[in-house]
Protein chains: 2
Amino acid sequence: MAEGQATRRPTVYDVAQEANVSIASVSFAFRRPDKLSDATRERVLDAARRLGYAPSAAARGLARGRTGILGLHAFDLLLERPDPLARPLSGLKSPRLDTGSPIGWDDTDDEVLSDPRAFPLYVDEVQRGFELECWALGRPVMLSSGSDTDVSVADTVGRVDGLAIFPSPQTAPTLARHSPSIPIVLFSTAPADDAHHRVRVDNAGGMRALVSHLIDEHAATDLAFVGRPEAADVVERHDAMLAELQDRGIRSRPGVVDATVRGADDLVPQVRALIAAGRMPQAFVCASDQHAFALLDALEAEGLRVPDDVVVTGFDGTLGSRLTTPALTTVRQPMEAMGRAAARILAGTAGAAPSGGAFDVVFEARVVVRRSCGC
Amino acid sequence: MAEGQATRRPTVYDVAQEANVSIASVSFAFRRPDKLSDATRERVLDAARRLGYAPSAAARGLARGRTGILGLHAFDLLLERPDPLARPLSGLKSPRLDTGSPIGWDDTDDEVLSDPRAFPLYVDEVQRGFELECWALGRPVMLSSGSDTDVSVADTVGRVDGLAIFPSPQTAPTLARHSPSIPIVLFSTAPADDAHHRVRVDNAGGMRALVSHLIDEHAATDLAFVGRPEAADVVERHDAMLAELQDRGIRSRPGVVDATVRGADDLVPQVRALIAAGRMPQAFVCASDQHAFALLDALEAEGLRVPDDVVVTGFDGTLGSRLTTPALTTVRQPMEAMGRAAARILAGTAGAAPSGGAFDVVFEARVVVRRSCGC
DNA sequence: TTGTAAGCGTTATCAT
DNA sequence: ATGATAACGCTTACAA
């Protein structure tokens, strides 16, 4: 095994000895080069290089009281999320690496892992934005995941100077305890009575614009919402759809098409029921692109053509939405920008929060018109 | 600004006082729950929760000698890489977050950031595999970037228990000093006389298979290589193309189409020159998908149709290669699997390296046939 | 300009 | 079962 190396890591003491100076000088050579004479500085740096000295971030963090790292945390829940088509990533093959012979294609699970319906998703693009900004700021990023138990969260909190989080239902209360000591940013969470910062998208505006498009351009007024209004995001989108219809004096059909189970399997019976009852809507408005992917599969399985027989729309604007057939009309969130905003807030480069409290940054969403609505 | 919170982080001392026990008991409550009576353990855990105690990873790391974190490092160079279409990500807008009003679409740079030609690339998919495996292993991941100076590298090394790296030319020697103390994995680097582990792809096999396809299926024997054979990967691919041609007794054209500058700008003159000289090849074999993207643009600018007038192929099999028009025939690397392999090596869950030394894991590549070759 | 020494918050070894 | 206490490697006054 690779872990547990032979050689002990060199420390300031080793370098100090090698360079014939005190440990303070070693430290200064790196942190306060100006406080040292050129000669000693060079001597120290040289010794450090020779020894392969790498300052211990742990020791530095302890002494300084901050690690310098910004964290991005995803709860397990997220990866086990009920979105259709979010594959469980357990059960992947783990080919032996110690045989010395090349690893065959069939041992890589590449088909599963390269599926654009599974990557990059919303979280992946937000993460990328976070990374880009941290890179620009010169700050390392720590990625972690875990349950939303106190212990797991605390472990993550203990490693970073600030933490951005994709929320699980239990998130806010558990985190509240840590808010006083480090800044915390929640993505896609409705405002609440806590001290967390927030970065989110204008779900209502995006959904209303989408519904308006369907009504105005495609005369579609009988809309069925696909998704379970539980997560804050989905609730907002659902509400906005209903609100836009109501504002226009259009009566909306009751209930939603529930798509909480993985894959299209669960949608097929519901689609069949709608067909049988002669209640097919003019358009399925999905809570997310993921839901739309699954629905497209279910509709195809039942021989329905999109957009000819029925319109389908998504939400998020992930890359995968460009790759469906037909390409998906959806609402794009500026995910990278959202990730960047979170990083700036945590790093303290975003100015002061308005009204003294926490940041609540809302981004505009934008309708992306493609083939699936009939355009 | 968010950084620099009001409240000091609670420590073991605070919890000990709150729970009326010694600091040792606090530590035990978390690390060795069995060594404590149920009563005290609960009392401690309760106090910890009440106080919002999060164990300091820095202190733990110091005491234990390991941080538990696995690192993935990218040199700045990589992001400034000479690949066509790799945009400089500096110069992005940074909208004010403190105004309290929604952030407009035009302030997000979303068009640039969501370009599938820029994300996800090779490094992004490898990174994802690394993350997936670390997540499965319950290990946090640290992402960092920086120059390949001794100081920058050492800083990263000091933060992790093991490090995977996308190489820059200077990488190996700088890192060699640290190899004795922590395990290091290099991606896509030819074997050399050092102690680093390696995870790479069978470039030669992939390229030979691709060239064979072009010759056998499309009778294309006049191939032009696009890319500058400098990086190890590109050299291997170039060499393999020449070797396959030679093995078949086919004379290859001298030189390469150089595509080291950003964008298609630089390719247009070269394409023009080929046209003018009546020396257009039957196929352009590009060193990477990125090169192919740029070339497709250049060819279109010159009014040449792919694959009718000339064939184009890529290498890597990134998502973007599915989205070009025509879709790109390319060689896919199992990038996620490569990232996962690196994580397993670093975590020590990959067994022992063969022949006692370092791991050198080679993955099979696979030709992905799409429209751009005429199929 | 350089050295001495006191923390920083854990873990782990001894005692009790 | 619990409590003292000595590391762990670095930063940073303060001395020299």
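The shown structure was predicted, so the numbers you read here are calculated from the model rather than taken from an experiment. Proteins get letters first, then strands, A, B, ... in listed order; numbering begins at 1 in each. Atoms considered below: every heavy atom in the structure, side chains included; atoms not considered: hydrogens, waters and symmetry mates.
The end-to-end axis angle of the helix from dT1(C)-dA16(D) to dT16(C)-dA1(D), rounded to 10 degrees and based on five pairs per end, is 30°.
Residue Ser25(A) is the one, among Tyr13(B) and Ser25(A), whose nearest nucleotide of DNA chain C lies closer to the 5' end (criterion: closest heavy atom). Heavy-atom nearest nucleotides on DNA chain D were determined for Ala24(B) and for Ala59(B), and the one closer to the 5' end corresponds to Ala24(B).
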Can you give each donor-acceptor pair under 3.5 Å made by side-chain atoms of residues 36-46 of chain B, sequence neighbours left out, with the distance rounded to 0.1 Å?
from	atom 1	to	atom 2	distance (Å)
Ser37(B)	OG	Thr40(B)	N	3.3
Ser37(B)	OG	Thr40(B)	OG1	2.5
Asp38(B)	OD1	Arg41(B)	NH2	2.6
Thr40(B)	OG1	Ser37(B)	O	3.1
Arg41(B)	NE	Pro33(B)	O	3.1
Arg43(B)	NH1	Ala19(B)	O	2.5
Asp46(B)	OD1	Arg49(B)	NH1	3.3
Asp46(B)	OD2	Arg50(B)	NH1	3.2

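A donor-acceptor distance shorter than 3.5 angstrom exists from the side chain of Arg344(B) to the backbone of Pro95(A), with no hydrogens or angles considered. A distance-only check finds a donor-acceptor pair linking the side chain of His178(A) to the backbone of Gly52(B) [under 3.5 Å]. Checked by atom type and distance alone, the side chain of His73(B) never pairs as donor or acceptor with a backbone atom of Ile165(B) at under 3.5 Å. Arg8(A) contributes no side-chain N or O that, together with a main-chain N or O of Ser181(B), makes up a donor-acceptor pair within less than 3.5 Å. Side-chain atoms of Asp161(B) come within 3.5 Å of backbone atoms of Gly68(B) as a donor-acceptor pair (strictly under, hydrogens ignored).
Among residue pairs with one or both ends in residues 137-159 of chain A, none qualify as ring pair (Phe, Tyr, Trp, His ring centres under 6.0 Å); sequence neighbours excluded.
Taking 4.0 Å as the cut-off between side-chain N and carboxylate O, Asp14(B) and Arg9(B) do not count as a salt-bridged pair. Contact check on Asp360(A) versus Arg198(A) returns no salt bridge, with no Lys/Arg side-chain nitrogen under 4.0 Å from an Asp/Glu carboxylate oxygen.
When Leu121(A), Asp124(A), Val126(A) are each tested for a side chain to side chain contact (heavy atoms under 4.5 Å, CB included) with Met335(A), only one passes: Val126(A).
Within the 4.0 angstrom heavy-atom criterion, no nucleotide atom of any strand lies near Val26(B).
You can see that DNA chain C meets the heavy atoms of chain B within a 4.0 Å-exclusive cut from dG9(C) to dA12(C), reading 5' to 3'. Nucleotides of DNA chain D that come within less than 4.0 Å of any heavy atom of chain B span, from the 5' end to the 3' end, dA1(D) to dG9(D).
Residues from residues 30-45 of chain B with heavy atoms under 4.0 angstrom of DNA chain D, sorted by number: Lys35(B), Leu36(B), Ser37(B), Thr40(B).
A donor and an acceptor atom, one from each side chain of Ser179(A) and His196(A), are located under 3.5 Å apart. Between the side chains of Arg340(B) and Ser94(A), a donor-acceptor pair is found at a separation under 3.5 Å.
Ring-centre distance between Phe30(B) and Tyr53(B): below the 6.0 Å cut-off.
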